[in-house]
2 protein chains.
Amino acid sequence: DTVGLKVKRLMCCRYVSKAAVNTQADYDYDRPLMKTQVPGPRSKELTKQMGQIQNNTAINFFCNYEESRGNFLVDVDGNRMLDVYTQIASIPIGYNHPALLKVVSDPNNASAFVNRPALGILPPESFVDKLTEGLLTVAPKGLNRVQNMACGSCSNENAYKAMFIWYRVSTARLPHPGCPELSILSFSGAFHGRTMGCLATTHSKPIHKLDVPSFDWPIAPFPRLQYPLDEHVRENAQEEARCLEETEDLIVKWRHKGMPVAGVVIEPIQAEGGDNHASAAFFISLRKIASKHGCAFHVDEVQTGGGATGRFWAHEHWGAEDPADIVSFSKKLLTGGFFYRDEMETDKPYRIFNTWMGDPSKNLLLAEVLNVIRQENLLAEVTRTGKALLGGLYELQAKYPNLLSRARGQGTFCAIDVCKASVRDKLILQARDNGVILGGCGDLSIRFRPALIFKEHHVHMFLNVFSDLLAAHK
Amino acid sequence: DTVGLKVKRLMCCRYVSKAAVNTQADYDYDRPLMKTQVPGPRSKELTKQMGQIQNNTAINFFCNYEESRGNFLVDVDGNRMLDVYTQIASIPIGYNHPALLKVVSDPNNASAFVNRPALGILPPESFVDKLTEGLLTVAPKGLNRVQNMACGSCSNENAYKAMFIWYRVSTARLPHPGCPELSILSFSGAFHGRTMGCLATTHSKPIHKLDVPSFDWPIAPFPRLQYPLDEHVRENAQEEARCLEETEDLIVKWRHKGMPVAGVVIEPIQAEGGDNHASAAFFISLRKIASKHGCAFHVDEVQTGGGATGRFWAHEHWGAEDPADIVSFSKKLLTGGFFYRDEMETDKPYRIFNTWMGDPSKNLLLAEVLNVIRQENLLAEVTRTGKALLGGLYELQAKYPNLLSRARGQGTFCAIDVCKASVRDKLILQARDNGVILGGCGDLSIRFRPALIFKEHHVHMFLNVFSDLLAAHK
């Protein structure tokens with residue numbers, strides 16, 4: 001099958017220009033290079049060995065990270081693939097970026113990698129500067145404070161705790177002392193993590209929640225919009241109005257139940273749940289409803305944050321003066337954490353706390369990532385690349401209307417739906433065998449999550465492969 | 001006050017031998033060196049700056065990790081302190097250990113520090129070997145499998161999920177599908193973390209739980225023993241029998257409530273909750289009760305694991321053939337995670353999962369830590385040092401019976417109680433101003449958590465300072 005496709009590709013018309021020039025810095029490869037199907041024999045052997053140690057059923061293949069460069073991930077069988085998934089959207093500027101290697105090889109930084117402090121009690125001298133030169137330079141509007149954390153789940157867990165504490169302090173802890181019956185309102189299709197607080201707000205797939213006890217918290221409908229958004233303005237506005245109304249009803253209902261909603265949490269684009277978008281007007285109205293009912297508004301940018309939408313934060317697209325009370329992040333920011341409004345500061349020490357509270361070596365690397373983003377003007381590049389990607393997806397779905405639909409995206413944070421889950425899954429595997437790593441999300445979607453250094457010629461590489469697969473699809 | 005103490009120390013009889021020779025490798029300092037009170041002016045300035053960014057009220061002082069060595073932590077005002085707290089028990093072999101610096105400076109390892117993979121789907125080629133040469137060499141008896149995680153909280157959260165899934169699979173998911181009403185039984189005084197699942201089992205201090213919704217899960221009494229344990233065998237056995245009986249009653253009661261106990265979680269020594277010990281017989285009986293009622297038995301070794309008790313795991317002191325179903329770890333192991341029995345393996349992919357699932361660069365450092373522990377025979381050293389430490393504490397409490405009581409410990413994992421919380425807190429601050437960093441736990445305890453390279457002469461350094469403070473106490 002793979003060989004057949006390769007032959008076919010040599011013969012058939014290429015989707016777009018073959019003149020994909022390598023404008024990437026010298027550290028990147030220029031094209032995929034496939035030696036075996038994926039996983040190859042070495043990956044299969046290692047996966048089998050891993051099965052002796054832990055559950056190995058989610059492993060795709062084993063990687064040679066030393067040989068990976070820029071947009072290309074190399075596996076242990078010598079296959080080199082264009083990576084449009086980037087470790088579940090968590091590699092900001094590609095593999096082995098020279099600027100990051102320099103940070104690690106600088107002897108002045110060695111201490112940061114071997115002496116992990118308990119950041120909340122004994123921070124390193126440089127930590128205030130690292131936060132000031134790093135995270136605070138990308139602070140969302142109105143959020144002057146930032147709490148470091150280690151990963152996406154603990155960022156959201158602690159953001160929820162901050163909202164509970166804020167809610168209780170702002171209501172003078174009446175009527176009950178202790179652990180009150182409070183709730184977080186989340187949305188159908190949402191993904192906020194897998195620890196038990198986060199999991200209570202995660203609804204992207206039933207398997208995530210199966211067998212694990214949860215809280216009785218309200219779940220509002222996330223709008224199911226029609227794409228392209230600008231061709232369905234009226235119907236989408238109606239759908240969003242319906243969701244907003246139900247959300248407000250749920251807030252009132254849970255207050256009457258005696259489990260008031262302390263915070264509303266939402267992703268600017270639901271990622272894991274299927275790349276579901278909503279309009280700026282929806283988010284701005286939702287934020288107003290939350291404020292009206294005394295609920296904090298938490299925007300979860302764990303997957304959307306870090307530049308892939310063409311703005312550093314996806315919520316910047318809303319153009320809101322006062323977008324959120326809390327914005328959480330992780331993945332492309334290398335460290336986890338959350339930004340928050342002054343009023344959300346906790347009243348006492350050790351309330352938002354754990355041993356490590358992140359890892360300053362990640363802040364060191366992040367500061368360098370942010371420098372590269374600025375120096376190479378990567379947000380503008382992402383916008384340009386994203387236009388090429390979405391344009392290509394529109395053309396493909398026009399050409400294959402029975403296979404593809406609902407192309408959508410912001411920047412390179414794009415997705416397209418495939419007619420059936422089995423076809424979607426097959427296309428992802430075939431693309432991999434042909435040198436392109438893609439990821440799925442939701443029931444039917446392929447999501448595109450390249451690094452910020454993904455350029456137009458990489459878009460063409462992907463489109464060439466994908467186009468051939470679609471042409472060959474029976 | 002500090003100056004007064006220093007003068008006094010020069011004049012008065014030293015507690016033990018002054019012949020504290022430096023047997024430590026050349027990278028360690030030989031003694032504390034104090035220039036200011038702690039926090040000094042530079043720490044105060046940085047703490048003030050941090051207050052503009054996040055809650056700064058837990059910060060003790062700012063550190064110069066570059067200048068810190070071995071058992072000595074250097075602060076930003078040039079004070080050098082003997083560290084008997086080690087970042088809340090999380091620095092295994094001291095600051096800037098040459099073996100760890102070598103790992104970071106090795107260009108072959110650079111990739112591991114800059115390309116953080118999604119370990120569950122795309123592990124690095126070396127990862128099976130790293131687990132085999134690292135974590136699996138210290139696998140607890142009967143637990144052949146290990147899951148990597150990033151920190152203590154997510155290790156426990158995922159261990160709880162593994163127990164829920166195991167319980168449900170082993171009961172054929174009857175009678176209910178979906179998110180069942182299940183519970184984890186924990187103990188009064190326990191600390192298992194601060195994310196919402198963990199927090200439901202944490203009971204060390206009310207402030208940890210205040211304002212955060214929780215689950216209605218059973219809390220059994222942890223034995224309140226009298227020390228030294230070998231002088232109160234009969235009373236302690238009665239207390240433990242009482243606690244075991246109540247535990248079994250709670251398991252039955254919660255089953256009748258329709259919220260069966262899927263797992264029992266316990267620390268081998270309750271750390272955060274006040275260094276509470278129990279006998280090997282207690283733990284072995286508890287494990288039997290859990291098995292009898294079909295509950296998994298989870299030993300949380302996040303603080304006790306890694307060698308400080310003189311064994312790699314504190315539960316090894318029980319001498320049990322079949323100590324646990326799950327053992328979780330973090331802190332001194334640099335990575336988080338949990339070991340588990342074959343039967344606890346999950347039935348499907350993506351159930352115990354998150355983006356990063358730890359960080360292979362931590363496994364790289366851990367492998368080196370384990371080498372150093374073996375090469376330098378550090379567990380035997382810890383046992384020797386611990387005897388000197390506990391012996392010194394016994395002598396001090398004999399000399400100051402109105403101030404000190406309940407000296408206790410295993411290896412260097414020791415504690416002593418002070419008559420009043422205010423006196424305890426004052427002694428900790430005074431010790432710091434005199435060059436020794438200590439930590440508190442529970443209501444009245446001082447806990448000792450040195451690195452594994454803490455030697456007898458370091459014990460004497462501490463005892464000298466502490467003895468002077470007690471002599472000077474009014």
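In what follows, every chain begins at residue 1, and chains take the letters A, B, ... in the order their sequences are listed.
When all heavy atoms of A/Phe353 and B/Ala58 are compared, the closest pair comes out as CE1-CB, 4.3 Å. Between B/Leu101 and A/Val114, the shortest heavy-atom distance links the atoms CD2-CG2, 3.8 Å. In this structure, B/Gln54 and A/Tyr340 approach most closely via the heavy-atom pair CA-OH, 3.4 Å. Shown here for A/Arg116 and B/Leu334, the closest heavy-atom pair between the two residues is NH1-O, 4.0 Å. The minimum heavy-atom distance between A/Asn108 and B/Glu66, with the atom names listed, is O-OE2, 4.3 Å. The two residues A/Gln87 and B/Thr355 come nearest to each other via the heavy atoms O-CG2, 3.8 Å.
Rounded to the nearest 0.5 angstrom, A/Ser126 OG and B/Asn64 CG are separated by 9.5 Å. In this structure, B/Ile121 CD1 and A/Asn56 CG are separated by 14.0 Å, a value rounded to the nearest 0.5 Å. A distance of 10.5 Å separates OG in A/Ser153 from CH2 in B/Trp356, rounded to the nearest 0.5 Å. Between the CG atom in B/Asn115 and the CZ atom in A/Arg69 there is a gap of 9.0 Å [rounded to 0.5 Å].
Neither the backbone nor the side chain of A/Pro206 comes within contact range of chain B; no heavy atom of the residue lies under 4.5 Å from a heavy atom of that chain. Within the 4.5 angstrom heavy-atom criterion, only side-chain atoms of A/Leu365, from C-beta onward, approach chain B. If you measure heavy-atom distances from A/Asn144 to chain B, the contacts under 4.5 Å come from the backbone alone. Only the side chain of A/Glu345 comes within contact range of chain B, with at least one heavy atom under 4.5 Å from a heavy atom of that chain. In this structure, chain B has heavy atoms under 4.5 Å from both the backbone and the side chain of A/Ala110. For chain B, the nearby part of A/Asp359 is the side chain; its heavy atoms alone come within less than 4.5 Å. With a threshold of 4.5 angstrom between heavy atoms, A/Leu73 approaches chain B through side-chain atoms but not through N, CA, C or O. Heavy atoms closer than 4.5 Å to chain A are found in both the backbone and the side chain of B/Ile53. With a threshold of 4.5 angstrom between heavy atoms, A/Phe191 does not approach chain B through any atom at all. In this structure, the portion of A/Leu136 lying under 4.5 Å from any heavy atom of chain B is its side chain and not its backbone. Residue contact with chain B, scored on non-hydrogen atoms closer than 4.5 Å, is absent for A/Trp166. For B/Tyr167, no part lies near chain A; criterion is any non-hydrogen pair under 4.5 Å. Proximity to chain A involves both the backbone and the side chain of B/Ile165, based on heavy atoms less than 4.5 angstrom apart.
In terms of heavy-atom pairs under 4.5 angstrom with chain A, the leader among B/Gln49, B/Gln147, B/Lys209 is B/Gln147. Your options are B/Gly197, B/Ala118, B/Pro349, B/Pro213, and the one with the most heavy-atom pairs under 4.5 Å with chain A is B/Pro213. Note: B/Pro124 leads B/Gly152, B/Pro124, B/Cys154, B/Gly193 in heavy-atom pairs under 4.5 Å with chain A. For the options A/Tyr95, A/Phe339, A/Phe61, heavy-atom pairs under 4.5 Å to chain B are most numerous at A/Phe61. Ranked by heavy-atom pairs under 4.5 Å with chain A, the first of B/Val104, B/Leu100, B/Asn96 is B/Asn96. Contacts with chain B were tallied for A/Cys151, A/Ser105, A/Ser90; A/Ser90 has the most, counting heavy-atom pairs under 4.5 Å. The residue among B/Asp342, B/Asn354, B/Thr195 with the most heavy atom pairs within less than 4.5 Å of chain A is B/Thr195. In terms of heavy-atom pairs under 4.5 Å with chain A, the best-connected choice from B/Met196, B/Lys362, B/Arg145 is B/Arg145. Counting heavy-atom pairs closer than 4.5 Å to chain B, the top-ranked of the candidates A/His208, A/Lys348, A/Met259, A/His97 is A/Lys348.
Counting only distance, with no hydrogens or angles, the side chain of B/Arg42 and the backbone of A/Glu125 share no donor-acceptor pair below 3.5 Å. Using modelled atom types, one side-chain atom of B/Arg194 and one backbone atom of A/Tyr350 make a donor-acceptor pair closer than 3.5 Å.
Using a 4.5 Å heavy-atom cutoff, the side chains of A/Tyr85 and B/Leu122 are not in contact. The shortest distance between side-chain heavy atoms of B/Ile207 and A/Arg351 falls below 4.5 Å. With contacts defined as side-chain heavy-atom distances shorter than 4.5 Å, the pair B/Val128/A/Gln52 does not qualify.
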- Carefully, step by step, assess B/Asn109 and A/Phe113 under the rule side chain to side chain contact (heavy atoms under 4.5 Å, CB included). CA-CA 12 Å; B/Asn109 293 333; A/Phe113 289 95; over 6 Å; no
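Between A/Phe215 and B/Phe215, the ring-plane angle classifies as parallel under the 30° and 60° cut-offs.
B/Asn55 and A/Thr346 are linked by a side-chain donor-acceptor pair at a separation below 3.5 angstrom, with hydrogens and angles left out of the test.
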